[in-house]
Amino acid sequence: MKVSQINIFPIKSLGGINLTDAIVETSGFQFDRNWMLVDENGKFLTQRSMPEMALFYTEIRENSLYVYHQSNPQNGIEIPYSQSSGKIIKSQVWNDPIEALHVSSEADTWFSAQLKISCQLLKMDLSSKRFIENKYKVNNEYVSFADSMPYLIIGEASLEDLNDRMEIPVPMNRFRPNIVFTGGKPFLEDSWDKIQIGEVFFQVTKPCARCVMTTIDQDTATKGKEPLKTLAKYRKVDGKILFGQNLIALNNGKISVGDEVKAL
């Protein structure tokens, strides 16, 4: 088994970036979900209510993040990695209260105009950690603005199994995994406890419960019924539709596409 994809999503719920290698940190890959958009009430914004967020892409540059809409790559915005207005904004991700840093009024204005909703761009405050649930901790791990866990892994065989059951196949980007691997049987990742990729050891914490975001075409922002309709027929457990496994990293390091994935 080998790593075939590494993906990060610098701004929560915007388009992702495919990498050849990535730095593994406790809270997730470097830059992964380090920024987040919130409405004027501090509620985080996602494709669940705003599918058009899928059409905004990000680029990692030397000193900044560049964000643009797919229809107009030239009319983007540069967001310096260190940029912060110094203002603390209280928000939350699901049930987790968060104190985050406000980025800038310039970023707010750009995103508000693009999304046609009053919003603010926040970034992680490294001094205010968001710890994962106690029952999943090994070394008091914490997470970025991701829904619940720092990493998500899916096998290509699992997606092939799903697509074999559907009239129209869906790409892996519907599930927004951080790590994709080749080899092994469908849903082999469900049986893992610990794995090693390159120099990094990961603990498998829990299956990933899937939501309506998987029904949004990441290239067009159109919403349908699949793949949830098909997954519900054979991947539903206790009312949750499961696809992929969440992970925490037990040490920092670097992984690359082509690295062997070892089940321990």
Side-chain angles (χ1 to χ4, degrees), residues 5-91 93 98-130 143-147 150 173 176-178 213 216 218-221 254 256-257:
Q5 287 183 32
I6 295 174
N7 303 299
I8 62 170
F9 307 88
I11 301 180
K12 184 177 178 68
S13 223
L14 267 57
I17 302 173
N18 188 255
L19 303 175
T20 55
D21 52 61
I23 303 298
V24 175
E25 300 175 341
T26 300
S27 62
F29 282 133
Q30 185 180 39
F31 301 120
D32 188 40
R33 296 174 176 95
N34 283 3
W35 291 265
M36 176 175 73
L37 288 163
V38 299
D39 65 16
E40 55 190 2
N41 297 314
K43 182 180 179 181
F44 72 98
L45 300 176
T46 76
Q47 293 180 34
R48 296 172 183 88
S49 59
M50 302 188 68
E52 61 269 30
M53 291 176 72
L55 305 182
F56 288 83
Y57 300 156
T58 51
E59 292 179 3
I60 296 294
R61 296 186 172 179
E62 185 176 357
N63 298 307
S64 64
L65 189 69
Y66 183 69
V67 188
Y68 61 95
H69 190 278
Q70 68 164 214
S71 66
N72 193 357
Q74 305 307 314
N75 182 34
I77 184 171
E78 295 264 2
I79 303 168
Y81 297 135
S82 59
Q83 187 175 42
S84 166
S85 70
K87 183 179 178 182
I88 299 292
I89 302 291
K90 291 187 177 181
S91 180
V93 174
I98 293 172
E99 289 190 347
L101 294 169
H102 173 244
V103 173
S104 69
S105 57
E106 177 191 10
D108 297 346
T109 299
W110 190 85
F111 280 105
S112 295
Q114 294 288 325
L115 291 168
K116 298 178 175 58
I117 181 176
S118 179
C119 60
Q120 293 180 302
L121 181 66
L122 309 184
K123 67 177 291 189
M124 289 296 298
D125 180 3
L126 297 180
S127 67
S128 179
K129 291 183 172 60
R130 177 187 168 214
V143 62
S144 64
F145 290 136
D147 278 351
N173 66 8
R176 299 169 70 85
N178 297 110
M213 271 187 64
I216 299 168
Q218 296 296 293
D219 297 320
T220 65
K254 179 180 178 181
S256 305
V257 170

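Excluded from the calculations below are hydrogen atoms, water molecules and symmetry mates; all remaining heavy atoms, backbone and side chain alike, are included. Starting from 1, each residue takes its place in the sequence as its number.
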For this session: Please confirm whether the backbone N or O of Ser144 pairs with a side-chain atom of Arg130, one donor and one acceptor, at under 3.5 Å?
Result: yes
Exercise. Relative to the ring of Tyr68, is the ring of Tyr57 parallel (under 30°), tilted (30 to 60°) or perpendicular (over 60°)?
Worked result: perpendicular
For this session: Measure the spacing between CD of Gln5 and CG of Asn18 and express it to the nearest 0.5 Å.
Result: 5.5 Å
For this session: Determine whether Trp110 and Val67 make a side-chain contact, defined as any pair of heavy atoms from C-beta on separated by less than 4.5 Å.
Result: yes
For this session: Any chance you could measure Glu99, atom CD, to Met124, atom CE, to the nearest 0.5 Å?
Result: 11.5 Å
Exercise. Should Ile89 and Leu101 count as side-chain neighbours, where that means a heavy-atom distance under 4.5 Å?
Worked result: no
For this session: Describe, in one word, how the ring planes of Phe111 and Phe56 are oriented to each other, choosing from parallel (under 30°), tilted (30 to 60°) and perpendicular (over 60°).
Result: tilted
Exercise. Do Glu52 and Lys116 have side-chain heavy atoms sitting under 4.5 Å apart?
Worked result: no
Problem set entry | Distance-only side-chain donor-acceptor flag, Ser64 / Glu78, under 3.5 Å | yes
Exercise. Would you say Asp39's side chain and Asn41's backbone share a donor-acceptor pair under 3.5 angstrom?
Worked result: yes
For this session: Please round to the nearest 0.5 Å and tell me the distance separating atom CG of Leu37 and atom CE of Met53.
Result: 5.0 Å
Problem set entry | Test item: Ile60 and Ile8 side chains (from C-beta on) under 4.5 Å apart, heavy atoms | yes
Exercise. Between CD of Gln83 and CG of Leu121, what distance do you get to the nearest 0.5 Å?
Worked result: 8.5 Å
For this session: Quick one: closest heavy-atom pair of Val24 and Phe29, and the distance?
Result: CG2-CE2, 3.6 Å
Problem set entry | Main-chain N/O of His102 paired to Ser85 side chain as donor or acceptor, under 3.5 Å | yes
Exercise. Can you tell me if Tyr66 uses its side chain to pair, donor with acceptor, with the backbone of Gly76 under 3.5 Å?
Worked result: yes
Exercise. For the atom pair CG (Leu14) and CD1 (Ile11), what is the distance rounded to the nearest 0.5 Å?
Worked result: 5.0 Å
Problem set entry | Gln218 versus Met213, closest heavy-atom pair with distance | NE2-O, 4.3 Å
Exercise. What closest approach, in Å, do Leu122 and Val103 show between heavy atoms, and which atom pair accounts for it?
Worked result: C-CG2, 3.9 Å
Exercise. Can you find a heavy atom in the side chain of Ser112 that is under 4.5 Å from one in the side chain of Cys119?
Worked result: yes
Exercise. Would you say the side chain of Gln120 lies within less than 4.5 Å of the side chain of Asp108, judging by non-hydrogen atoms?
Worked result: yes
Problem set entry | Smallest separation among heavy atoms of Ile216 and Gln47, with atom names | CD1-O, 3.2 Å
Problem set entry | Closest contact, heavy atoms only, Phe145 versus Ala100 | CZ-CB, 3.9 Å
Problem set entry | NZ/NE/NH1/NH2 to OD/OE distance under 4.0 Å, Lys12 and Asp147 | yes
Problem set entry | Leu65 vs Phe31 side-chain heavy atoms within contact, under 4.5 Å | no
Exercise. Judged by atom type as modelled, is there a donor-acceptor pair below 3.5 Å linking the side chain of Ser91 to the main-chain atoms of Gly42?
Worked result: yes
For this session: Examine the side chains of Asn178 and Asn7 and answer whether a donor and an acceptor come within less than 3.5 Å of each other.
Result: no
Seminar exercise, completed: Heavy atoms of Gly15 and Thr58 approach each other most closely as O-OG1, 3.5 Å
Problem set entry | Distance in Å, Ser27 OG paired with Leu126 CG, rounded so as to fall on 0.5 Å steps | 7.5 Å
For this session: Check whether any side-chain heavy atom of Val93 lies under 4.5 Å from a side-chain heavy atom of Met36, and answer yes or no.
Result: yes
